[in-house]
2 protein chains.
Amino acid sequence: MTVVNILFDQSQIFWQKQKMAKTIQKRTLKTRARLIAAAKEIISQNGFEAMRVEEVVLRAGTAKGTFFAHFKDKDALMDLIIGEKINEYLDQMEIQTSPKTSSQMVKTLMPLCEFMTCERYVFDIILRYSGATRIEEIGIIATTFGRQIEIFKIWLESVEFRKDIEADIVAEGIHAFMIQTMALKFCALHNSKSINDRLGPYLKAWLSPEC
Amino acid sequence: MTVVNILFDQSQIFWQKQKMAKTIQKRTLKTRARLIAAAKEIISQNGFEAMRVEEVVLRAGTAKGTFFAHFKDKDALMDLIIGEKINEYLDQMEIQTSPKTSSQMVKTLMPLCEFMTCERYVFDIILRYSGATRIEEIGIIATTFGRQIEIFKIWLESVEFRKDIEADIVAEGIHAFMIQTMALKFCALHNSKSINDRLGPYLKAWLSPEC
DNA sequence: CTATTAAATTGACCATGGTCAATTAAAGGA
DNA sequence: TCCTTTAATTGACCATGGTCAATTTAATAG
């Protein structure tokens with residue numbers, strides 16, 4: 001009530017934003033943690049695709065409605081869990097020394113690519129969440145993509161690569177080829193080549209064109 | 001029965017394929033046509049996302065089960081309708097003269113890109129179906145992607161572009177940048193640039209690098 | 001024309017994600 | 001300690017895609 005009254009004369013938009021600032025009870029955090037833990041448990045046992053909201057709330061000992069009070073929908077929780085995992089891979093990438101060649105780059109990217117394509121379902125979620133249509137919808141996965149671009153830009157600083165275009169474009173291109181390569185992994189018509197054999201030539205051609 | 005008996009001693013795999021060869025009644029085609037027409041009607045009135053199986057079978061005058069006897073699932077029908085539309089755009093692209101510059105190329109690609117991103121839902125379906133995991137699952141959209149690559153390769157024949165890598169790779173790259181550009185159109189963080197302003201620089205950098 | 005066989009259709013039923021009015025529990029002031 | 005307010009939870013209920021045993025209809029052999 002206090003928060004509400006203090007802000008009541010502010011603009012509607014500001015007020016909308018501040019609604020988030022309502023006091024959060026301790027049990028909320030516990031409930032949320034239980035839900036996430038239950039989901040992760042299911043995933044570790046049966047994979048991402050096998051996760052069912054019914055099963056999550058059963059294991060967490062809550063009602064179904066509680067799940068949706070904590071997460072907008074099932075996929076929002078997937079975004080959280082997958083995004084967290086992606087961030088772990090990015091952490092690993094950051095503490096390694098920057099790759100100096102395109103094939104080193106592929107090697108460094110490999111663990112992340114492997115995870116992103118560990119299940120068709122996971123890759124679909126990643127694609128869907130990599131760009132959120134509205135700012136409010138931006139989730140963890142969307143932010144990891146921005147982070148990837150930043151990491152690529154740092155790599156590019158310490159290596160000889162094409163200078164005819166700005167680093168942002170180069171970094172975005174690396175990303176585009178990563179996606180393309182992973183998509184083809186699932187493609188029955190084109191999955192004969194490994195990620196390594198495909199991404200390598202792409203990156204070489206993109207980063208060090210020999211015209 | 002005739003077909004079945006004749007082939008009964010063949011290998012299991014061959015037999016599986018030949019199951020498709022069962023005699024098809026005329027009414028089947030009519031029913032199928034009614035279902036597709038009903039779906040297209042809904043789509044033209046309310047968009048792709050608004051299509052409901054219940055509504056389709058209601059308009060087509062069939063039972064729900066009939067729908068799934070004709071299409072593996074709802075998305076298989078979407079694949080059909082969207083894929084058909086993509087092919088129309090590819091037809092248009094083929095009868096035009098090949099673009100000679102990257103900006104001409106963007107202009108030629110624009111109508112297709114606009115359609116593919118006319119709805120978030122449509123783009124999601126296209127991404128999901130662009131690579132089918134199993135050969136049996138390959139649908140129209142998956143084949144249109146192969147067709148796109150072929151068209152790109154023809155374009156590349158009649159124009160000065162980098163020769164340091166094979167045409168297949170170049171064509172696949174065009175495709176990768178198309179996807180990247182369209183994905184960013186839906187991204188709240190990066191949708192300020194138009195498709196034209198983004199795809200142009202990508203293609204220029206990819207097709208005519210100035211090292 | 002009838003019987004037989006297989007194709008096509010049906011609709012009751014299920015699986016699962018998601019909603020919301022009603023209820024319960026926590027937090028803070030008097 | 002009690003009261004008020006609001007946060008949190010609940011579970012019956014809904015929406016929609018999808019299944020399948022039972023039934024109807026078409027095709028064809030005799």
Side-chain angles (χ1 to χ4, degrees), chain A residues 1-8 15 18-36 38-39 42 46 48-80 121 124-125 128 137, chain B residues 1-8 15 18-36 38-39 42 46 48-80 121 124-125 128 137:
Chain A
M1 187 57 174
T2 51
V3 176
V4 171
N5 279 337
I6 288 167
L7 301 169
F8 202 72
W15 153 240
Q18 292 305 312
K19 275 212 292 196
M20 318 297 270
K22 62 192 172 188
T23 59
I24 293 172
Q25 299 175 4
K26 275 178 237 159
R27 65 169 171 170
T28 308
L29 298 175
K30 283 188 184 173
T31 304
R32 186 184 160 92
R34 281 211 314 281
L35 287 166
I36 294 174
I42 295 168
N46 303 106
F48 288 87
E49 177 142 38
M51 199 251 268
R52 295 280 172 277
V53 174
E54 299 260 16
E55 182 67 20
V56 171
V57 296
L58 183 72
R59 296 196 189 200
T62 71
K64 202 183 215 179
T66 303
F67 182 99
F68 294 99
H70 284 264
F71 309 103
K72 183 179 164 295
D73 52 31
K74 180 187 164 177
D75 287 351
L77 176 55
M78 293 297 330
D79 174 70
L80 190 76
Y121 173 75
D124 284 344
I125 292 278
R128 185 133 37 84
E137 290 172 354
Chain B
M1 188 54 175
T2 51
V3 176
V4 171
N5 279 337
I6 290 168
L7 300 168
F8 201 73
W15 152 239
Q18 291 305 312
K19 275 212 297 194
M20 318 297 272
K22 61 192 174 189
T23 59
I24 293 172
Q25 299 176 3
K26 275 178 240 158
R27 65 170 168 168
T28 308
L29 299 175
K30 283 188 184 172
T31 305
R32 185 184 161 92
R34 282 213 313 282
L35 288 167
I36 294 173
I42 295 169
N46 304 104
F48 287 88
E49 176 141 38
M51 200 250 267
R52 296 279 171 278
V53 174
E54 298 261 17
E55 181 68 21
V56 171
V57 297
L58 183 74
R59 295 197 189 199
T62 73
K64 201 184 216 178
T66 304
F67 183 98
F68 294 98
H70 284 264
F71 308 102
K72 182 179 165 295
D73 52 28
K74 179 187 164 179
D75 287 351
L77 176 55
M78 293 298 331
D79 174 70
L80 189 77
Y121 173 76
D124 285 344
I125 292 277
R128 184 135 36 87
E137 290 172 354

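Order of the sequence lines sets the chain letters (A, B, ...), proteins ahead of strands, with each chain counted from 1. Just so it is clear, the values below take in all heavy atoms, side chains as well, and ignore hydrogens, waters and symmetry mates.
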- Of the listed nucleotides D:dT9, D:dT16, C:dT9, the one nearest the side chain of B:Arg52: D:dT16

- Return the nearest nucleotide to the side chain of B:Phe68; candidates are C:dT10, D:dG18, D:dT10. D:dG18

- Message: What is the separation between atom CZ on A:Phe67 and atom C1' on C:dT16, rounded to the nearest whole Å?
- Response: 12 Å

- Message: Is it the case that the base of C:dG17 and the side chain of A:Lys64 share a donor-acceptor contact (distance under 3.5 Å, atom types as modelled)?
- Response: yes

- Query: Tell me: CD1 of B:Ile24 to P of C:dA7, nearest whole Å?
  - Reply: 10 Å

- Task: Tell me whether the OP1 or OP2 atom of D:dT9 has a side-chain N or O from A:Thr31 closer than 4.0 Å.
- Result: yes

- Grab the CG-C1' distance between B:Leu29 and C:dA8 for me, whole Å please. 12 Å

- Note on the structure: In whole angstroms, the gap separating C1' of D:dT16 from CG of B:Leu58 amounts to 15 Å

- Query: Does B:Met51 offer a backbone N or O that forms a donor-acceptor pair with the side chain of B:Lys74 under 3.5 Å?
  - Reply: yes

- Query: C:dA8 phosphate, OP1 or OP2: any side-chain N/O from B:His70 under 4.0 angstrom?
  - Reply: no

- Measure from CE on A:Met51 to C1' on C:dG17 and round the result to the nearest Å. 12 Å

- Query: Looking at the side chain of B:Arg27, which of D:dG18, C:dA7, C:dG18 is the nearest nucleotide?
  - Reply: C:dA7

- Task: For B:Thr28, report the nucleic acid contact type (base, sugar-phosphate, nothing); a contact means any heavy atom under 4.0 Å.
- Result: sugar-phosphate

- Task: Would you mind telling me which residue lines up with the more 5' stretch of DNA chain C, B:Thr62 or A:Lys26, judged by nearest nucleotide?
- Result: B:Thr62

- Query: Could you give the NZ-to-C1' distance, from A:Lys30 to C:dA25, as a whole number of Å?
  - Reply: 14 Å

- Starting at atom CG of A:Asp73, determine the distance to atom P of C:dT16, rounded to an integer number of angstrom. 17 Å

- Item | For atom CG of B:Leu77 and atom P of D:dT16, their distance in whole Å | 17 Å

- Task: Looking only at non-hydrogen atoms, find the nearest pair between B:His70 and B:Thr28 and report the distance.
- Result: CE1-O, 3.4 Å

